[in-house]
Amino acid sequence: MAEQHDWLSVSLDARVRDELASAVAAVTNGNEEVRNHLARVLRSSRSDLLLDRDQGALVLRAITAQRQLPALKARLEAFLNER
């Protein structure tokens with residue numbers, strides 16, 4: 001059985017972080033506090049991020065709605081055991 005982690009490490013460039021921040025902010029369902037915090041983090045200058053399960057689920061909803069970042073989508077699905 002695969003080992004489960006509490007965090008998923010993600011590295012994104014500034015352009016992708018900005019686009020993802022906009023997509024995350026547009027997600028209407030989910031925890032507003034998590035959404036707002038994650039959007040702020042994505043708009044910061046950090047390129048390496050650690051996503052917890054709530055943040056990962058939110059990012060997955062955002063990129064699924066936008067139909068972007070298929071490699072990140074696959075990693076998030078595996079992390080959230082949705083694959």
Side-chain angles (χ1 to χ4, degrees):
M1 179 175 239
E3 181 181 338
Q4 293 198 355
H5 299 282
D6 293 333
W7 302 94
L8 177 67
S9 177
V10 177
S11 183
L12 304 169
D13 66 34
R15 181 191 57 80
V16 172
R17 282 194 325 270
D18 188 52
E19 290 174 4
L20 189 53
S22 296
V24 163
V27 173
T28 57
N29 59 347
N31 185 318
E32 185 176 342
E33 184 178 325
V34 172
R35 183 178 60 240
N36 292 339
H37 173 73
L38 184 56
R40 277 192 312 273
V41 168
L42 288 166
R43 288 187 175 112
S44 74
S45 61
R46 301 178 205 164
S47 59
D48 295 322
L49 308 169
L50 289 176
L51 301 176
D52 65 19
R53 293 195 177 279
D54 290 339
Q55 293 167 338
L58 182 59
V59 170
L60 181 58
R61 283 196 301 273
I63 63 177
T64 299
Q66 298 292 318
R67 296 185 177 167
Q68 59 182 344
L69 304 172
L72 179 56
K73 181 180 179 194
R75 288 186 64 210
L76 286 166
E77 288 172 340
F79 174 64
L80 299 169
N81 296 319
E82 294 186 12
R83 206 163 217 220

Stepwise side-chain contact (heavy atoms from CB on, under 4.5 Å) check, V16 with D18: CA-CA 5 Å; V16 172; D18 188 52; over 6 Å; no

Step by step, would you call R53 with F79 a side-chain contact (heavy atoms from CB on, under 4.5 Å)? CA-CA 8 Å; R53 293 195 177 279; F79 174 64; 3.9 Å; yes

Run L60 and L80 through side-chain contact (heavy atoms from CB on, under 4.5 Å) and show every step you take. CA-CA 9 Å; L60 181 58; L80 299 169; 3.9 Å; yes

Hey, mind stepping through W7 and D52 against side-chain contact (heavy atoms from CB on, under 4.5 Å) and telling me if it holds? CA-CA 5 Å; W7 302 94; D52 65 19; 3.6 Å; yes

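Here the shortest heavy-atom pairing between R35 and A25 reads CD-O, 3.8 Å. Listed here is the closest heavy atom pair of V24 and A39: CG1-N, 4.4 Å. The minimum heavy-atom distance linking V41 with R46 is given by the pair CG1-NH1, 3.9 Å. Nearest heavy atom pair, residue K73 against residue T64, reads CE-OG1, 3.6 Å. Closest approach of L51 to Q55, counting heavy atoms only: CA-OE1, 3.4 Å.
A search for side chain to side chain contact (heavy atoms under 4.5 Å, CB included) contacts involving Q68 returns E19, A23, I63, Q66, not counting sequence neighbours.
To the nearest 0.5 Å, atom CG of residue L50 and atom OG of residue S9 are 5.5 Å apart. Rounded to the nearest 0.5 Å, atoms CG (L49) and OG (S47) are 7.5 Å apart. Here the CG-CG distance, from L12 to L69, works out to 7.5 Å after rounding to the nearest 0.5 Å.
Between the side chain of R17 and the backbone N or O of S44 there is at least one donor-acceptor pair closer than 3.5 Å.
Using a 4.5 Å cut-off on side-chain heavy atoms (C-beta onward), L38 and D54 make no contact.
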